[in-house]
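Residue numbering restarts at 1 for every chain, and letters A, B, ... go by the order of the sequence lines.
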Amino acid sequence: MSKKTLRLARVKSGIHDDLPTELRFESLVADHALTVEWNDLEQSLEKLVDSAGELLLRKDGRSTRVFWHRLGSSVYLATGGRHYRFDRVEASAVEAAVNDASHADIKAPMTGKIVKVAVSVGDTLKEGDTVLIVEAMKMEHELKAPFDAVVETLDGEEGAQVDLGQILARLARVQTD
Amino acid sequence: MSKKTLRLARVKSGIHDDLPTELRFESLVADHALTVEWNDLEQSLEKLVDSAGELLLRKDGRSTRVFWHRLGSSVYLATGGRHYRFDRVEASAVEAAVNDASHADIKAPMTGKIVKVAVSVGDTLKEGDTVLIVEAMKMEHELKAPFDAVVETLDGEEGAQVDLGQILARLARVQTD
Amino acid sequence: MRRRINKVLIANRGEIAVRIARTLRELGIAIVAVYSEADAEALHRRVADESRCIGPAPANESYLSIDKIIEAARATGADAIHPGYGFLAENPKFVGACEEAGLVFIGPSQAPMFELGDKARARKIAEAAGVLTVPGLAEVADDDLAAAGTKIGYPVLLKPSAGGGGKGMVEVHAADEMKEKSQAARRIAKAAFDNDTLIVEKLVRPARHIEIQVFGDGQGDAVALGERECSLQRRHQKVIEECPSPVVDEAIRERMEASALSLTKSLKYAGAGTVEFLLGPKGEHYFLEMNTRLQVEHPVTEMVYGVDLVAAQIAVAEGNGIPQSLRDAKPRGHAIEARIYAEDPEAGFLPTPGPVLAVHRPEGPGIRYDGALEGEGEVGVDYDPMIAKLIAWGPDRDSARRRLLRAFGDLALLGITTNSGFLVRVLEDERFAKAKFAIDSLEGWIAEDGFFDDPNDKALLYAAAACAFGKRATRSGEGSEASMSADADVYSPFDREGPWRALQGKAD
Amino acid sequence: MRRRINKVLIANRGEIAVRIARTLRELGIAIVAVYSEADAEALHRRVADESRCIGPAPANESYLSIDKIIEAARATGADAIHPGYGFLAENPKFVGACEEAGLVFIGPSQAPMFELGDKARARKIAEAAGVLTVPGLAEVADDDLAAAGTKIGYPVLLKPSAGGGGKGMVEVHAADEMKEKSQAARRIAKAAFDNDTLIVEKLVRPARHIEIQVFGDGQGDAVALGERECSLQRRHQKVIEECPSPVVDEAIRERMEASALSLTKSLKYAGAGTVEFLLGPKGEHYFLEMNTRLQVEHPVTEMVYGVDLVAAQIAVAEGNGIPQSLRDAKPRGHAIEARIYAEDPEAGFLPTPGPVLAVHRPEGPGIRYDGALEGEGEVGVDYDPMIAKLIAWGPDRDSARRRLLRAFGDLALLGITTNSGFLVRVLEDERFAKAKFAIDSLEGWIAEDGFFDDPNDKALLYAAAACAFGKRATRSGEGSEASMSADADVYSPFDREGPWRALQGKAD
C-alpha cells in the first residue's frame, strides 16, 4: 500500500487556526489498520465501522464513535459532544500560512452586518484600536488591530452584509521597536 | 406547464398489490400548486415545503407532513405513523398487470429460506394446497395455491435462500366449472 | 459480598444491548459488546468501548454460544455479564459457566432460574409459597388427560411444561377432543423443547395478562414495583404494554404484589424478575410463570416508578442490596409501550427483514425511543424482528396514549415494512382508549373487516410520491459526500424520456 | 368563564413553538404556525396544521408585528394565541390587541403584565405583597445616586427600570465611580429600552439565581411548583438550569414558595409565571423580578413534577382553573437542562449562524431534546442563537448529570459551531458536580487558563478526518436520491491527482 498525503487545517471560528498539518495516511482494508503520521509522530488505529455518518475507530484498545459529515473540502466531526471542523487545503496554503507577520487580515468573525467602519485607508492605528464593528443576532463585535499598523485596504461599508471569514481590511504592521 | 405521467404501483408485502395507477401530475413552482389526476379524479394540492426527506403538503386547507426516501424506482413514505411504498413501473407493466388470471406466480413473501417444496412440476393442486414453505426469523409461512391448478414451473429447492418477491413457482389454472 | 464491577460484557444485541450500554456508560462502567458477523455495524457495537466478534449470524453459533461469550469476557477482562433478555438470559447452564469462569452474572443465581424454567416445577414452587395457580395438573399421563380435563372443567389449556412464550399451547374445549389435541401438543412440545411433558390448566376467560415487577436481594428480601398489563397480544407475543393496568385497583395490586413477593422471597431471588399472572373476570389472579430476567417492557415501569432497573440490577450484583431508591419508589402517572416489529400486518404479520434506508425519530415531553436502529441499518433474517419500542409517559392513561400517538406521527422507518401503522390503529381504537380488552381481544380486532382500512388521503399519497420521484438533487443527507450541485437530478423522471412521456397539459 | 379552545395560533418560532405544538397535537387542538420568510421551511411550520407567512426575516417586521399576527389568527379562525417566550410574550399591548380581536391570550391579563414589566413598579408591588426585595431604591435622581449607594452600602448595582435579561446592568463599587457609571447606565437604558430610569440595588454576592414556578387561576388562587436554579450564566444569559436547586432545602423552599405565592395571588395572576430571586449566602432570598410567561427552562420543572405546563396553561385559559394534577404534583428526582447555542465559545461566544448539515440526536431513559432542528436546517442571523435544549432527568442530581453527559456524547450538530463541547466541559467540572457555584462563577471558569483544553486524542481526530475525506460513495442519507453505486467517490482525494500526491509507503 502506498501512503497518501492529506493537508488538514483545523478550523475555528471560520478561520484556519493552526498551520495546516501535513498528514500521511495509510489504510489497509484487510485488517482495518490505519496509520496516521504528522510532524514526527506516527500513530496506529483501526477503523472498525465506517457507515453513513458514523465511524468507529479503535486506538489503544478502546473504541470511539465519531459522527461525521463532509461538504466539499470541509469535514465536520463530533465525538463525546465535542465538535470539530477540518479543511483540506492546497499545498500552496501550507506555505502561505508560514508567511511573515508583517500584515494582518481583519476577517468577519461571523456572518452578519457591518454596523461601523471606524477607520479609513492610510490611518495609523495603535494595537487594540477598533477597525470595524460587525453585528449578528443582536450582538456587536469589535474587530481590533492586533498590533500597531497602517490600514492598507478596506473592503465593506456600514450596513453591508458580510460572510464569516470575509476579509474586511488588511493592516500593515508599523515597527515600533 | 405540460403534465407529466407517472405510473405508480402501491407495494404491499413486496408485491405490487393493485393495478398500477397512471397518474398525471402537474407542478407549478411559482405558487406551489400541484394537481394529480388518476382514473377520473383530479385533485389539487400545494407543496409548501420540500426539504431533505420531508414534504409538507396542503390539501383542503390542512397541512400534512410526509417523510420520504427514494431508492431507485421505489419511494417510501410515512405520514401519521402509517408507511407506504410506491414503485414507478414501466408502461408495459400496466398492460402486464391486466393480463388474464389464468396463471398465478407464487412469490416469496419474505426474504428467507425454503424449508419445504411440497409439489413437483406437473402436479395437479386443489385451491389451498401447500406449494412451498418459506422460513424467516424463526417463522414458517406456507404458500398455497390460490385456485385449482397445475404446477407449470418450480424454481428453488429445500434449503435455498430466497429474496422477497422472488418467483418460486408458476401455476396454471385448471378450469373446474 | 461486596464487589466493584468495572467492566460489563453485554451478551445480547439489538435495542436491549443498546439500552443496557446507556446505563453502563452513565455509571462509568466499561462496556464490552459481542456481535455476530451479521452485526459488525450494529448500533450495540458502536456504543461500546470494546467489542468482540463471536461467530457467524445464526444465533446458535454466536449469541447462544456459551463458550464464545465466556471467552470474549475473559479476553476483554470483563468482570460481569449482563444477559439482557432472550438468548442465554434464562439458561441456567450459562449462569453456571459464568460462575466457573469467575464472572458475575447480572441476574438470579442458577437454582431459582432452573426451578422456574419448567412450568410444572414453577407451579409447585408457587403453590408451596402460597400463590394461587390456575386450576390444573402437571405431568398427567395420556390416559388420564381426559379425566383431568373433566375434573378441572372444560375448556382447558395444554401447555408444554418446558415451554415459554406461548409456544405449543393448545386449547381443548371438550373431553372428546382431548386425545387428538394432546397428541398434537406432545409432538409440538417434543419438537420445540425436546420434552413432551404437558400440563393441563383451566382456560380462564376473559382474562387479562398482568405481571408484577419484583426485585430481590438474593438473601430473601424483595420489593415489588407494581404491575404491567400486557393483554394486547398476538400469538402470545406482546404488542402493547402499560403501567399501571387500567383494571388493577389498589386492593388487587396489594394482593398480587403480596403473591409475587411471597414467591420471590421463598426463592431468595436476586435482581429483577417478573411474576406473570392471569387476572380473571372476578379480580382473582392465577400464577402463570416467573421470568428471571429484565423484561422487554421494563421501560413502562421505569417511567412510572422513576427508577433505572439496569442500574438497580448492577447494584444488587455488586452486593449492595436493593437500592433504597427502589424501596422508596412510588408510581406516578401512566406509561404505554408499543413494540415496533419488522413485520407486515396486512400480510399475516410475516417478518420483513431488509435494509432500513432512513429513520425519523420523535422527540418531546414524555417520549422514549429504545431502538436497535437510530439511522439507516439492516434488519437481519436471523434474529427477532422487534426493532424498536416507542414508549410514552403521561400524567394519566389518556395523556400517555395521546402522546404515544403524537410520537408515532413523527416516526418514519423508511425502506422496510413495519407494524407502525397497525400500532397507530390499535392506539386509536376506542376499545383501547377505554381499556376494554382481554388477552384474546387483539386477535379478534385484527380479524374484523376494515380493521386495516387506511384513513390517509389517496391524493396526498400520490402527490407525495410524485414529488419524491420528481425531486431534484439536493444536498445529500447525513454522513455522506454532500453535493451542492443544482443540476437536474439525473434520476428524475421529469427530465428524461423513456418510460416517462410528457403529455400535453390542459392549457395547450 | 368556560370556553373551549379548538384552534391555537402559536406566535413564536424555534424550539418553543415546536414544543407548544406537541401539546396542542396531543390535546386534539388545531395548530396554526406563523413564520417569517426566513422560516418557510422551519420545523415549527412543518409540525403545524396550518401556517401563515407574516413578513420578512427581521423580527420587527414579522414575529414582533402585532397587526400581522392578529390578522393571521383572524384569517385562520384561531380562537386563542400562545405567545411562547420572547417576542410578544410579555408585551401588554399584544394582550390588549388579542382581547380587542376576541382572541384568548394564553397567559396573564394585561394589568399584571404591565405592572411587572417595569422593575421599579415590580419592586413596589412585591414589597406591598410582603416580599423582601434586594435593598435598593427606585427612580433616584442623578444627584442623589452617590448618596443612595452609600445608604444601601457599596457595592451596588444600577439596573434599567424597564429592562430585562440583565441588559444594561452596571456594577458600582464605590461612591466616586457613581457619576461616570450612572451616566453610562442611563445611556444604555435609553438606547435599549427608550427609558433611562434606573434603580439602585445592593449587589448581593455570592448569590445564586433561584426562581419559583407559579401557576395562578386569575381569581387570586395560585400554586407553586418548587424552584429552578439558574446560577450558571454568562452575560446574564442562562446556560445550565436545574430542578431542584442543590442548595435549597425544604425550609428555604417553603419560604420562597410562600413569597412567590403571596405576590402571584396579590396580582390575581393567571397561568404560568416565574418569580426570580437572589439567594444570598445566609439563605435569605430577595425578589428580582417576575416573568409573565412560560420560561425557557420549564422542562426541568415538568420532568421533576410530572406535569405538562403548556397543557395546564390551556386549561386555565379555557377557564377550568388550576388543574388538579398541578395541585397534587410532587417533586421526584432531579433534572438538568443545557442550552445549546449556535455560538463559538473559543471565539468569545460569538454567534455562528449558518447551515446545519446533519444532526444526530441522543435517545434513552430520562432524556428530552427540545430543538428547533431535528435534521438539517439553517440557523438564521435574525433570531436568538439558541437552537436546542438537552434535558436529563435522573433519580438524583448526579444521575441526571451523568445522563446528560452521556446524551451529549450521542449528539452531533454538524456543519455549525455550537457550545456543545463547552457544555460538556461545564457538566464534567467537579465544581458543577459538587454544586459549588454562584451567579458569577461561570464567567470565572471561562477565564481560567486551559478551561477549553481538548481531551480528545489528536490522532483519533486526524484519522477520522482522513477517513471522511477518503470515504467512497455510499448510499446517501435520508430523503435524497439514493445511489447504490459502488464506484469510487469522485470527490475522494485518494483517487485523483492534484493537490493530493501519493507518496511512497514504507514498504516500497
More than 12 non-hydrogen atoms from neighbouring residues, nucleotides or ligands closer than 6.0 Å to CD on D:E430, yes or no? no

Proximity breakdown for D:L404 and chain C, heavy-atom pairs closer than 4.5 Å: neither

Could you look at D:R361 and say if it's the side chain, the backbone, both or neither that has a heavy atom under 4.5 Å from chain C? both

Whatever's closer than 4.5 Å to a heavy atom in chain D on C:L27 counts as both

Pairs of heavy atoms under 4.5 Å with chain C: top-ranked of D:E363, D:R402, D:E302: D:E363

Tell me, out of D:P365, D:P395, D:S325, who's got the most heavy-atom pairs with chain C below 4.5 Å. D:P365

Which pairs count as salt bridge (charged side-chain N to carboxylate O under 4.0 Å, His left out) when at least one residue sits in residues 320-337 of chain D, sequence neighbours excluded? D:D221-D:R327

Nearest 0.5 Å please: distance from the CG atom of C:D410 over to the CZ atom of D:R22. 6.0 Å

Return the CD to CZ distance between D:E26 and C:R403, rounded to the nearest 0.5 Å. 5.0 Å

Residue list, side-chain hydrogen bond (donor to acceptor under 3.5 Å, both in side chains) with D:T23, at least two apart or on another chain: D:R19, D:D308

